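One structure is given here, and the rest of the page talks about it.
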Amino acid sequence: GPDYSRPVPLGEAVDKEAWFADAVFIGDSRTANFRDLGFMPASRCYAFGGGCFAWYNNARLAAEQHPAKAVFFAGMNELGIYKGDPEPFREDYVALIRYFLELSPDTVIYLNKIIPANEKAIEEYPGRAKVDVYNSLIEELCDEYGWICIDTSEGFSSEYYVYDGVHFTVSWYTAWWKNLRKEVGF
């Protein structure tokens, strides 16, 4: 039997940076700020503003790296574009990820839940009020397709919005990055 009088030997240390070395990040302008603020190298971040249906070129470029992991951040733009209707978002998001997986079938997929916009931004695009519906849909997609759902919003508050009510301050990006690292396993 096991010898409980001896300490368990330490395993190899986890190289936290190695997790990110074979990961890609695909998303919108919120995601692009991770790159622009220096949290990740540009070579790992495929992000720009706009809805996920416009991301096919970025998805192709990211998939051509054949990463072990891909983290998708989508939804805020789609809440406005689709006026809160979850079905077109579901169709477009699934189609985008299937396209990615056709090019890189062994990649583990992570879908990040959406951090809501503030009231000012919701007034501009009322569909943004349906963030909980979209987040439930993201959970359902992960259950249905075996993808991993992550929620990186811990500690978020309204003080972290910038003028537009959609994007965030540098201090939130620092906290968000820590949350992301925690959610993906360390």
Side-chain angles (χ1 to χ4, degrees), residues 19-20 22-32 34 45-60 62-63 66-119 121-122 124-157 160 165-168 172 175-186:
W19 193 98
F20 291 95
D22 65 353
V24 293
F25 301 84
I26 303 163
D28 55 19
S29 57
R30 287 175 161 187
T31 312
F34 277 128
C45 184
Y46 297 86
F48 68 100
C52 69
F53 60 85
W55 297 358
Y56 280 85
N57 189 51
N58 278 348
R60 178 184 56 78
H66 300 285
K69 300 160 287 273
V71 183
F72 285 80
F73 299 81
M76 181 51 58
N77 292 305
E78 292 75 18
L79 282 161
I81 292 166
Y82 302 130
K83 298 177 175 54
D85 183 353
E87 283 312 304
F89 173 62
R90 177 191 227 302
E91 291 169 17
D92 284 344
Y93 210 15
V94 169
L96 175 73
I97 296 167
R98 283 183 172 164
Y99 172 75
F100 179 96
L101 288 169
E102 284 175 18
L103 302 171
S104 188
D106 296 325
T107 301
V108 175
I109 302 295
Y110 292 79
L111 302 186
N112 193 55
K113 286 184 164 184
I114 308 160
I115 297 173
N118 73 7
E119 290 303 316
I122 291 171
E124 183 180 357
Y125 292 103
R128 289 177 173 159
K130 303 254 181 149
V131 70
D132 290 339
V133 172
Y134 273 43
N135 280 337
S136 293
L137 176 62
I138 289 170
E139 290 176 1
E140 290 170 20
L141 292 176
C142 289
D143 288 343
E144 182 177 341
Y145 291 98
W147 302 330
I148 300 167
C149 182
I150 58 176
D151 183 351
T152 56
S153 66
E154 180 182 333
F156 184 77
S157 70
Y160 293 117
V166 171
H167 296 93
F168 311 121
W172 172 247
W176 197 8
W177 186 250
K178 288 177 185 172
N179 289 347
L180 177 62
R181 294 175 69 109
K182 179 178 148 189
E183 281 289 313
V184 298
F186 53 83

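This structure is a prediction, so every number in the text was calculated from the model and none was measured.
By the neighbour-count criterion of 12 heavy atoms within 6.0 Å, atom NZ of Lys113 is densely surrounded, having more than that number from other residues, nucleotides or ligands. Around CD of Glu124, the count of heavy atoms belonging to other residues, nucleotides or ligands within 6.0 Å exceeds 12. Within a 6.0 Å sphere centred on OH of Tyr125, other residues, nucleotides and ligands contribute 12 heavy atoms or fewer.
Counting all heavy atoms, side chain and backbone alike, Ile115 lies closest to Ser153 at CG1-CB, 3.9 Å. Taking both residues in full, the closest heavy atoms of Ile138 and Cys149 are given as CG2-SG, 4.0 Å, listed atom of the first, atom of the second, then distance. Contact detail for Ala62 and Tyr46: the closest heavy-atom pair is CB-CD1, 3.5 Å. Among all heavy-atom pairs drawn from Ala117 and Met76, the shortest one is N-CE, 3.5 Å. Residues His167 and Ser29 approach most closely at NE2-OG, 2.6 Å, considering heavy atoms. Across all their heavy atoms, Tyr134 and Glu78 have their closest contact at OH-O, 3.5 Å.
With Ser104 contributing its side chain and Phe100 its backbone, the two residues share no donor-acceptor pair below 3.5 Å. Proximity of a side-chain donor or acceptor of Arg128 to a complementary backbone N or O of Asn118 within less than 3.5 Å is not detected. In terms of modelled atom types and a separation under 3.5 Å, the side chain of Asn179 and the main chain of Glu154 share a donor-acceptor contact. The main-chain N or O of Ile114 is found under 3.5 Å from a side-chain atom of Asn135 such that the two form a donor-acceptor pair.
The distance from the CZ atom of Phe72 to the OG1 atom of Thr31 is 11.0 Å, given to the nearest 0.5 Å. From Leu180, atom CG reaches atom OG1 of Thr152 across 6.5 Å, with rounding to the nearest 0.5 Å. Atoms CD1 and CG, on Ile26 and Leu111 in that order, are 10.5 Å from each other to the nearest 0.5 Å. Expressed to the nearest 0.5 Å, how far CD1 of Ile122 lies from CG of Leu79 amounts to 9.0 Å. Once rounded to the nearest 0.5 Å, the distance linking CH2 of Trp172 with CH2 of Trp177 reads 14.0 Å. Distance check, rounded to the nearest 0.5 Å: NZ of Lys69 to CZ of Phe25 gives 9.0 Å.
Each of Ile148, Leu141, Leu101 was evaluated against Ile109; a single residue qualifies, Leu101, per the side-chain contact (heavy atoms from CB on, under 4.5 Å) test.
Asp106 has its side chain out of reach of His66: every pair of non-hydrogen atoms, C-beta onward, lies at least 4.5 Å apart. The closest side-chain heavy-atom distance from Glu87 to Tyr82 is not below 4.5 Å. Proximity of Val71 to Ile150: side-chain heavy atoms (C-beta onward) are separated by under 4.5 Å at one or more points. Taking 4.5 Å as the limit, every side-chain heavy atom of Arg30 sits out of range of all side-chain heavy atoms of Phe73.
Between Lys178 and Glu183 there is no salt bridge, since no side-chain N of the basic residue sits under 4.0 Å from a carboxylate O of the acidic one.
In the model, Arg98 has a side-chain atom that pairs as donor or acceptor with a side-chain atom of Tyr145 under 3.5 Å.
Ring centroid separation for the pair Phe34 and Trp176 comes in under the 6.0 Å cut-off.
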Decide side chain to side chain contact (heavy atoms under 4.5 Å, CB included) for Tyr56 and Asn58; before the verdict, give the C-alpha distance in whole Å, the side-chain angles of both, and the deciding distance to 0.1 Å. CA-CA 5 Å; Tyr56 280 85; Asn58 278 348; over 6 Å; no
